[in-house]
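Beneath this line is the structure, given in structure tokens, with notes to follow.
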Amino acid sequence: MKYNKQNPLKVFTAFSGYDSQCMALDRLKKYDKDFDYELVGWSEIDPYAIKAHNVLYPQYQDRNFGDISKINWGGQVPNFDLFTYSFPCQSISNSGLQHGFKEGSGTRSSLLWECKKAIVAKHPKYLLMENVKALVSKKFIQDFYTWLLELEGYGYVNYWQVLNATDYGVPQNRERVFCVSVLKTEEDPIPVYHFPHPFQLDKRLKDVIEKSEDG
């Protein structure tokens with residue numbers, strides 16, 4: 001499927017924050033002049049994150065569907081091709097209490113399971129998840145596999161990997177789990193995805209820190 005200005009990639013971002021996902025898509029537009037996307041909806045409840053989102057993307061400020069647990073996916077939300085869900089990490093992270101994200105546990109990270117409703121209702125072609133490295137630690141790996149099996153049951157092929165920002169041009173040692181899921185179709189019964197290859201870092205922290213007005 002070719003996504004361009006006549007047929008933009010329709011995107012919904014859950015747990016949006018200021019929407020670094022859209023920022024990445026904006027960068028993609030710079031590399032591929034034919035590519036285009038439209039944010040048909042986003043979901044965020046933090047007032048500061050919403051304020052930042054509205055500053056960066058004022059054209060989409062009326063498309064925030066709010067609390068993900070209260071969205072009527074069937075009749076309220078337009079269809080979309082890509083669903084991103086960087087769900088809360090507080091109950092998984094090594095810096096937290098690590099109460100986990102099992103379905104029905106009531107933890108902040110268990111909001112992941114609210115994403116089932118969106119996926120079942122809309123069956124988007126692509127899913128993109130990002131979270132802390134602890135998600136695939138010994139303590140939580142089986143629960144992560146449970147989620148992947150859930151997606152396989154809906155017809156998705158999953159590809160996941162731990163990526164470090166320092167391997168992709170960012171002068172910061174920041175490891176995160178990324179999972180890309182692609183919906184199987186008759187035309188593409190075994191969709192294949194390859195994560196980008198690392199490349200040598202040519203920046204240092206001093207190259208990206210803004211100088212003070214006094215400096």
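FYI, the numbering just counts along the sequence from 1.
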Counting only heavy atoms not in L149, do more than 12 fall under 6.0 Å of its CG?
yes
Mutual orientation of the aromatic rings belonging to F101 and F87 [parallel < 30°, tilted 30-60°, perpendicular > 60°]
tilted
Smallest separation among heavy atoms of N4 and Q6, with atom names:
OD1-N, 3.0 Å
Mind checking what makes salt bridge (Lys or Arg N to Asp or Glu O under 4.0 Å) contact with [X], not counting sequence neighbours?
X: K2; answer: D32
X: R176; answer: E130
X: K5; answer: none

Extract all donor-acceptor atom pairs below 3.5 Å that involve side chains of residues 64-77 and protein atoms in other chains or at least two apart in sequence.
residue, atom, partner, partner atom, Å
N64, OD1, E44, N, 3.1
N64, OD1, G66, N, 2.9
N64, ND2, E44, O, 3.1
D67, OD1, S69, N, 2.9
D67, OD1, S69, OG, 2.8
D67, OD2, S69, OG, 3.3
N72, OD1, G74, N, 3.4
N72, OD1, G75, N, 3.4
Q76, OE1, N72, N, 2.9

Only pairs at least two apart or in different chains count here, so list each salt bridge (Lys or Arg N to Asp or Glu O under 4.0 Å) that has a residue in residues 115-126.
E103-K116, E114-K117, K116-E150
Contact list for residues 51-63, test salt bridge (Lys or Arg N to Asp or Glu O under 4.0 Å), sequence neighbours left out:
E38-R63
For residues 134-144, run the donor-acceptor check on the side chains, cut-off 3.5 Å, and write out each pair with its distance to 0.1 Å, sequence neighbours left out.
residue, atom, partner, partner atom, Å
S137, OG, A134, O, 2.7
K139, NZ, Q98, O, 3.2
D143, OD1, K102, NZ, 2.8

Sub-4.5 Å side-chain heavy-atom contact between H53 and W42:
yes
Can you check whether V192 reaches H194 side chain to side chain, under 4.5 Å on heavy atoms?
yes
Suppose we screen for ring pair (Phe, Tyr, Trp, His ring centres under 6.0 Å). Which residues come up paired with [X], at least two apart in sequence or across chains?
X: F35; answer: none
X: W147; answer: Y85, W113
X: Y159; answer: none

In residues 161-170, what donor-acceptor pairs under 3.5 Å come from side-chain atoms, sequence neighbours left out?
residue, atom, partner, partner atom, Å
N164, OD1, T166, N, 3.2
N164, OD1, R174, N, 3.0
N164, ND2, N173, OD1, 2.5
Y168, OH, P196, O, 2.8

Decide whether L111 and F12 are clustered together by the hydrophobic rule: side chain heavy atoms of Ile, Leu, Val, Met, Phe, Trp, Tyr closer than 4.5 Å, transitively.
yes
Rounded to the nearest 0.5 Å, what separates atom CG in L25 from atom CG in L82?
6.5 Å
Under a 3.5 Å cutoff, is there a donor and acceptor pairing between the side chains of D34 and Y3?
no
Test side chain to side chain donor-acceptor pair (under 3.5 Å) applied to Y18 - qualifying residues, sequence neighbours left out:
none
